[in-house]
Visitor: 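Starting off with a structure, shown below.
Within every chain, numbering begins at 1; the chains are lettered A, B, ... in the order of the sequence lines, protein sequences first and strands thereafter.
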Amino acid sequence: MIGIDAKLGDNGHDLAFFEMSFCPSLELVSLVRRFVGTFYLRVLDDADLASRVALATHELLENAVKYSLDGETNIRMEIRRVPTGHDIEIRTRNRTSPERAARLAGNIDEMNQLGNPFKFYQTLMRRSAKSDAPGGLGLARIAAESEMKISCVVNNDTVEVRAHAPAAEAA
Amino acid sequence: MSQTVQLATITTPEFTATPRLDAEVFKLELTGNADVAAIAPLTEMLVDLHGEITRVGARQVVVDFTQLEFMNSSCFKSFVTWISAALDSPSPYKVTFRSNQTMLWQRRSLHALSAFATDLIAIETT
């Protein structure tokens with residue numbers, strides 16, 4: 001399923017979004033990132049914000065694809081016009097194991113409790129530097145580099161991860 | 001100092017990493033899209049790269065990102081591991097990253113990497 005409504009502008013629309021449910025291979029993630037970067041650049045005319053959102057999209061999708069139980073992932077991207085600018089949100093949703101969902105929620109809690117995404121990113125970099133395990137930096141990278149707030153909602157075997165850039169920070 | 005680099009170039013459909021020794025400066029040029037297909041070969045190369053730098057006794061390494069469209073966090077983590085090894089090395093060397101100001105993600109990612117090793121990393125922007 002693919003839905004796109006990008007009518008954000010002077011025509012009375014306050015919300016632009018697109019949503020996809022698909023079974024992406026990891027190789028397709030880069031294609032989606034390129035599309036998202038182009039989409040946001042076109043809609044917002046803000047290259048830095050488009051780059052940040054594209055990076056966040058890539059990291060969220062790679063995580064979702066890697067840990068999806070059935071290979072299916074839903075991604076929804078919203079741009080909402082508010083009085084102070086544009087509110088940006090990316091959501092990925094997929095089925096995953098309870099262990100993975102709990103670990104993900106714990107990691108996000110740890111990051112948000114510290115309240116300093118860049119400091120947490122540096123801590124995670126030091127922690128992961130000595131580890132042979134691949135990855136582990138993706139969500140912290142979104143928070144620190146894309147300057148987006150990360151949260152997640154777990155509902156049975158489904159996890160939804162949200163990356164949010166409020167208007168005041170996105171503008 | 002030996003002038004032969006014992007590292008193979010990485011070539012995937014969307015990514016290349018080319019190491020070479022130029023005078024006494026070790027150079028690594030990355031091009032394309034460092035996504036999931038690049039993780040394993042790049043991780044292996046960066047482990048070997050540290051060994052090669054130490055073996056040839058290079059004191060300066062230049063990593064060229066100017067043609068690098070994107071790097072995912074797993075590939076970025078490989079750089080973190082390499083830089084960590086360089087920090088711990090008894091034969092220290094400096095690393096200069098050449099970045100492309102039109103690739104906007106590079107400024108943020110390289111800022112984070114340089115904060116991880118402030119005395120070791122320099123950034124040049126073109």
Visitor: Give me the atom names and distance for the closest heavy-atom approach of B:A112 to A:M125.
Guide: O-CE, 3.6 Å

Visitor: Do side-chain atoms of A:E59 reach the backbone of B:S73 as a donor and acceptor pair under 3.5 angstrom?
Guide: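 Yes.
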
Visitor: What residues, two or more places apart in sequence or in another chain, satisfy salt bridge (Lys or Arg N to Asp or Glu O under 4.0 Å) together with A:R126?
Guide: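 In terms of salt bridge (Lys or Arg N to Asp or Glu O under 4.0 Å), with neighbours along the sequence ignored, A:R126 is linked to no residue.
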
Visitor: With B:E69, which residues qualify under salt bridge (Lys or Arg N to Asp or Glu O under 4.0 Å), at least two apart?
Guide: A:R33, A:R34

Visitor: Just to verify, which of A:R141, A:R52, A:H58 counts as forming a side-chain contact (heavy atoms from CB on, under 4.5 Å) with B:W105?
Guide: A:R141

Visitor: Side chain from CB out, backbone as N, CA, C, O: work out which of these in B:I83 comes under 4.5 Å of a heavy atom of chain A, or both, or neither.
Guide: neither

Visitor: Quick check: are there more than 12 heavy atoms from other residues, nucleotides or ligands sitting under 6.0 Å from CG of A:D45?
Guide: no

Visitor: Cluster question for you: counting only ILVMFWY and a side-chain heavy-atom cut-off of under 4.5 Å, with indirect links fine, are A:I90 and A:L41 together?
Guide: no

Visitor: Hey, quick one: are B:V47 and A:L137 part of the same hydrophobic cluster, counting side-chain heavy atoms closer than 4.5 Å, chains of contacts allowed?
Guide: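 No.
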
Visitor: Among residues 93-123 of chain A, which residues come closer than 4.5 Å to chain B, judged by heavy atom distances?
Guide: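 A:F118, A:Y121, A:Q122, listed by number.
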
Visitor: Counting only non-hydrogen atoms closer than 4.5 Å, does B:A37 touch chain A with its backbone (N, CA, C, O), its side chain (CB onward), both, or neither?
Guide: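 Neither the backbone nor the side chain of B:A37 comes within 4.5 Å of chain A.
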
Visitor: So, for A:E62 and B:V36, which heavy atoms are closest and what is the spacing to 0.1 Å?
Guide: OE2-N, 3.9 Å

Visitor: Quick check: closest heavy atoms across A:S30 and B:D35, and the distance to 0.1 Å?
Guide: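 Closest heavy-atom pair between A:S30 and B:D35: OG-OD2, 2.7 Å.
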
Visitor: So which pairs with a foot in residues 98-119 of chain B pass salt bridge (charged side-chain N to carboxylate O under 4.0 Å, His left out), sequence neighbours left out?
Guide: A:D48-B:R107, A:D48-B:R108, A:E147-B:R108, B:R98-B:E124

